[in-house]
Amino acid sequence: MLVSIGCERPASPPPQSETPAAEAEIPATIPQSQADVASGVDSNVSINEIKQWIDAGQFDKAEQGLRRRLALDPTDPPMLFLAARCSHGRGALDDALEYLSLIPADHPQAGLAAQGQAADWLMQAGRLPEAEARFEEMIERYGDLPPLHRRLASLLNSQGRRLEAAEHVRQLIRLGDVTEKELLSLTTLSVPFHDEQSDFASGSPLHQLARAKRLLVQDEVPESRQLAEQLYAEFPESTAIAAFVGRVYNVMQADELLERWVATLPGGIEAEQEYWATMGQWMLRRGQPKVAVRCLSEAVVRDPTDRVAYLRLAEALAAAGESAAAERVAARQQVLQQCWQWAINIGFGRETRRDDMQRLAAKLNEVNRPWEAVAWEFIAAHDRNELDQKLPELRDRREELAASDPAADDPLFLTCGVDPSQYPLPDLPSLASTASGSNRFQLDPASSASSSASSPLGTPSGPAAPIQLVDVAAKRGIDFQYLNNQSANDAHIVMYQTAGGGVAAFDFDLDGWTDLYFCQAGGLPNVSDGSQPNRLYRNHAGDQFVELGSLAGVDDRSYGQGVAAADLNQDGFLDLVVANIGANLIYLNNGDGTFTESPIAGSDGWTTSIAVGDLDGDALPEIVEINYIDDPAALTAECWGQGFDCTPRIFRQANDRILRSDAEENWRPWEMDNRFAETPNYGFAGVIANFDQSAGNDLFVVNDTKENHFWVSRDGGGTSRFGMVNQAALRGCASGASGEEQGCMGIAAGDFDRNGLLDLHVTNYWQQPANLYLQRKGGFFTDYAAQYGIADPSRATVAFGTQASDFDRDGWLDLAILNGHVFDPVENNTPEVPFRMPPQLFRGARGGFTLDVPAIESDSFWSTPTLGRTLAKLDYNRDGRPDLVANHLDAPAALLENKTAGGHWLRLDLVGVASERDAIGAHVTVRQADDVWHDWVIGGDGYLCTNESTVDFGVGDHSQIAELTIEWPSGTRQIFADVETNHSYLVVENDDRLVPR
């Protein structure tokens, strides 16, 4: 849609030609000779006949007619134009351009057309600098004509030169002649803009840069790297290419390549926004937040639409202790994030597009982009058929803007008050000092083809014995399969049928053996008795599981999702909280093998996961309902035929809730200044733990297709000891290394790098690498998935359940992950994308992770593609080796017994006294010689599940532990010396005994 506002600036009168037309020479390709007279072509041949010959490819005939006509008048513009077309049709571009040059530029009818045709042919031929120069000359000669700015914007966008292209689109706005698509292109300039109608497939290397940028945004990192390096080797003086190469290396977290890159940078690189953004993110990852602030400030001044640069700038400021500035920058980033989301809705033609145009216009005014704002209001009025009514007001506003038309933004406005000059620049000589080789970039074919990143922190060394996790579910009496009420046709799947069902591993009868509870479905959502019953399997001494859900009174028949096991009433027996699509339920453990059911008031939506733990510091647990979608349409709209491929983003997101128990044991929302109600999202899983060892427990929640939430505790005083504030954007865990939102599903928590801080592994959607958020210091994270070997193997998966445990007992946490798509890609004509996917097992070591193929028979659990969902951990047979239980959409649940012959171990069950009884937030440290291990008691974890609450350590070759320290949530510290390994112990707060179990 083209919106013409009626305020076009008239072109200036063209200057007179300095060369008389009579003196123009005729190109040699159509010589004038007496032979032409005898050619049989009438000198009165018409223009239409010549056009027909050219269109039919009869160039010889057309040339003969042109010779006769041009012999009579060598300055005839129509004939010169046709001669140019004829030469161009023969492939003689230079001759064609020469013909066009003979048409006077000031000719009232043909001058502009001839210049424009020459520029277009140059573009098609890949001679982009010449085409660009022609367009610039035409603007200089003919004035600000919309077609000229439009072609220049397209030409620049097609090369990935988004910042330069944006200037011409802004000029189109001022001229009152801009399209909706052109306006959308301004929303975020760091993202490539692809317009099939204006991208030129010329094969020019300058177009290849734009292609490389698109590949990077599509997470096709190896392909983007290879193309970028080839371009850099061919054009080492190009600052645009050099800056982009650094951006690719930063996404790869390839520090060695970045050091080499710094040593090869061409002069003038400081003009490139991507250079500053790359340097800033690299410095942040290197632990130099003040240098990162300088670099990222320089980046946002050059491109104030870069959402990722603002996000990282907020992180850098927070890490540098500038909390007030960090919050201002984070607020700006959120505005840009909202604008991006509304632009997506508009571009996809979603139902909210008209309202989103108005919202977008309002926010653009907030960030001092008034010309874009008023242009969106024009388009919104046109879309609502209200243009006639709104036109006078909008014209007045345009005239006001034209009269004032402010100069460039104040840099301090763009940086939200941060003065870049107050922060240090990066020390480039020091960074480049370790780079080997010459200062000229040379492509290394071997590295480009074989690796996607430099080596991680070390080389993982495999243990002596392979990891073996074998399915024994049928042998042990577990015969459960989750039912999602899906029809036989995969094309008819509905959103609610994609999530899967929850699993709780807990000892409900306190006999010392971990039992299993499975959530079931099979019917319709929001029907309390329409599904198959949930099932409880009692563990008989690790030999057999016997189902007794009905006898225990926990056989809910709602549409089940997640489940949590926790001691809600602090009586020593673990209770259950069941999440449903519909009313959530509490099952209080009566202590005699039965439970009492009670619904949770107000829980009538779509809850995916439950996390339980003390969040307000009163030594009593809170219940966190993690909610997904608050939109009835999501329960009926099929993934196919609606054009949305099972994305939640077209549905209304839901608010999570924190529930507190009153004196009558009624669970009511903890309003927390309504902060939860102000931050709805598509929640899937959560973890409660004291991440930063400050105040009290914190809450991390992963969200599908939107930014994650990290609710950090703050000592608030008064009757409510702690308050909470969402600081995910400031703490580095709102999104992954790319800065873009991802389809996050599951969480595994643990100290993966053994630095004494709790880290997070997060699973994601197809072509979105998993995240590995490692804490740099208390409460601040960096996604090191690429550097630790997880990113590339996880790209080609849709991953859900994940668990971290030291399966081989070598002292390093391993990762187990369940995979499987949410819809059958064949239905979307993408058969190369799998539907069912095998699970993955990553072996952890000092330097990172390696994808492991367990040494089991080829038809084993680990080599069988399924639609994997929920994964929980436990030690069902009490042999000291962690086992797993896996749930699927298309296969029976698996009980994966760990048969790995590994090192020594230590397991602890903690019971709080002054603290909450489940001791959520307790921190355990184990020391032996130079080795130190850390673990925590956490609430939540995994995906829709509850793990056995035991604190579990693999300690390698150590048969004894010199020191065991427990820091309880109450602040109490207990230390135990000379603890024997290969034992499980019960530890009660303030009791000096370790009780063997």
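Between Trp371 atom CH2 and Ile173 atom CD1 the span is 9.0 Å, to the nearest 0.5 Å. We find the OG-CZ distance between Ser224 and Arg214 to be 11.0 Å, quoted to the nearest 0.5 Å. Here the OG1 atom belonging to Thr705 is positioned 12.5 Å from the CD atom belonging to Glu740, to the nearest 0.5 angstrom. Atom CD1 of Ile658 is separated from atom CE of Met724 by 5.5 Å, given to the nearest 0.5 angstrom. Put simply, OH on Tyr310 and CD on Gln334 are 13.5 Å apart, with the number rounded to the nearest 0.5 Å. The structure places CD1 of Ile629 at 10.0 Å from OG1 of Thr608, a figure rounded to the nearest 0.5 Å.
For residues 164-187, every residue pair satisfying the ring-ring contact (aromatic ring centres under 6.0 Å, His included) rule, not counting sequence neighbours, is listed here: His149-His168. Listed by first and then second residue, the salt bridge (charged side-chain N to carboxylate O under 4.0 Å, His left out) pairs involving residues 729-739 are Asp692-Arg731 (not counting sequence neighbours).
A donor-acceptor contact shorter than 3.5 Å links the side chain of Asn764 to the backbone of Pro769. Side-chain atoms of Asn484 come within 3.5 Å of backbone atoms of Gln486 as a donor-acceptor pair (strictly under, hydrogens ignored). A donor-acceptor contact shorter than 3.5 Å is absent between the side chain of Gln281 and the backbone of Arg312. A donor-acceptor pair is defined here as one N or O able to donate and one able to accept, closer than 3.5 Å; no such pair exists between the side chain of Arg354 and the backbone of Arg384. In this structure, the side chain of Arg328 engages the main chain of Cys416 through a donor-acceptor pair within 3.5 Å. Side-chain N or O atoms of Gln653 include one that pairs as donor or acceptor with a backbone N or O of Pro680 at under 3.5 Å. For Asp410 (side chain) and Leu412 (main-chain N/O), a donor-acceptor pair under 3.5 Å exists by modelled atom type. Arg134 places no side-chain N or O within donor-acceptor distance of the main-chain N or O of Gly116, the cut-off being under 3.5 Å. Between the side chain of Asn708 and the backbone N or O of Cys733, at least one donor-acceptor pair lies under 3.5 Å.
When all heavy atoms of Gly143 and Leu148 are compared, the pair lying nearest together is O-CD1, 4.1 Å. Taking each heavy atom of Phe823 and Ile493 in turn, the nearest pair found is CB-CG2, 4.3 Å. Contact between Leu313 and Ser297 at its shortest, heavy atoms only, is CD1-OG, 3.8 Å. Arg332 and Leu414 get closest at one heavy-atom pair: NH1-O, 3.6 Å. Considering every non-hydrogen atom in both Ile626 and Gly686, the closest pair reads CD1-N, 3.2 Å. Nearest heavy atom pair, residue Lys213 against residue Gly160, reads NZ-O, 3.0 Å.
Figure legend: Arg150 and Phe135 shown without cation-pi pairing, the cationic atom not lying both under 6.0 angstrom from the six-membered ring centre and within 45 degrees of its axis.
Within the 4.5 Å cutoff, side-chain heavy atoms of Pro632 are placed close to those of Arg652. Contact of the Tyr559 side chain with the Gln497 side chain is registered, since non-hydrogen atoms from C-beta on lie closer than 4.5 Å. At a threshold of 4.5 Å between non-hydrogen side-chain atoms, the residues Cys744 and Asn703 do not count as touching. Using a 4.5 Å heavy-atom cutoff, the side chains of Arg397 and Glu377 are in contact. Residues Asn655 and Asn627 form no side-chain contact, since every pair of their non-hydrogen atoms from C-beta on lies 4.5 Å or further apart. Residues Leu152 and Glu132 are in side-chain contact: their nearest non-hydrogen atoms beyond the backbone lie under 4.5 Å apart. In this structure, Leu296 and Val329 have side chains that are not in contact, with every pair of non-hydrogen atoms separated by 4.5 Å or more. Ser185 places a side-chain heavy atom less than 4.5 Å from the side chain of Arg162.
Ring centroids of Phe800 and His821 are separated by 6.0 Å or more, keeping the two rings apart.
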- In sequence, state the C-alpha distance, the side-chain angles, and the governing distance for Trp342 and Thr352, and then conclude on side chain to side chain contact (heavy atoms under 4.5 Å, CB included). CA-CA 9 Å; Trp342 291 326; Thr352 60; over 6 Å; no
- Message: Using the rule given for side chain to side chain contact (heavy atoms under 4.5 Å, CB included), can you reason through Phe378 versus Val178, listing the C-alpha separation, both sets of side-chain angles and the distance that settles it, and then say yes or no?
- Response: CA-CA 10 Å; Phe378 266 104; Val178 67; over 6 Å; no
- Message: Would Trp711 and Asp656 count as a side chain to side chain contact (heavy atoms under 4.5 Å, CB included) here? Give the steps.
- Response: CA-CA 12 Å; Trp711 295 94; Asp656 298 334; 5.5 Å; no
- Carefully, step by step, assess Arg307 and Glu707 under the rule salt bridge (charged side-chain N to carboxylate O under 4.0 Å, His left out). CA-CA 12 Å; Arg307 298 169 291 121; Glu707 69 276 3; over 6 Å; no
- Message: Pair Arg353, Glu180 - check salt bridge (charged side-chain N to carboxylate O under 4.0 Å, His left out), show working.
- Response: CA-CA 12 Å; Arg353 60 175 267 118; Glu180 180 178 313; 3.1 Å; yes
- Test Gln159 against Leu209 for side chain to side chain contact (heavy atoms under 4.5 Å, CB included), laying out the working first. CA-CA 6 Å; Gln159 300 172 64; Leu209 177 59; over 6 Å; no
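For the residue pair Thr679/Asn726, the side-chain donor-acceptor check at 3.5 Å is not satisfied. Using modelled atom types and a 3.5 Å distance limit, the side chains of Gln115 and Glu137 yield no donor-acceptor pair. Residues Gln171 and Glu167 have side chains that never bring a donor and an acceptor to within less than 3.5 angstrom of each other.
When each of Thr305, Asp303, Leu156 is tested with Leu163 by the rule side chain to side chain contact (heavy atoms under 4.5 Å, CB included), just one qualifies, namely Asp303. Considering Leu183, Thr179, Ile346 in turn, Leu183 is the only one that fulfils the side chain to side chain contact (heavy atoms under 4.5 Å, CB included) rule with Ile379.
No salt bridge links Lys390 with Glu393; every basic N to acidic carboxylate O contact stays at or beyond 4.0 Å. Ion pairing between a basic and an acidic side chain is recognised when a charged N comes within 4.0 Å of a carboxylate O; Arg302 and Glu298 show such pairing. The pair Asp356-Arg359 meets the salt-bridge criterion, with a side-chain N (NZ, NE, NH1 or NH2) lying under 4.0 Å from an Asp/Glu carboxylate O.
Every side chain to side chain donor-acceptor pair (under 3.5 Å) that Gln273 has, sequence neighbours left out, goes to Asp306.
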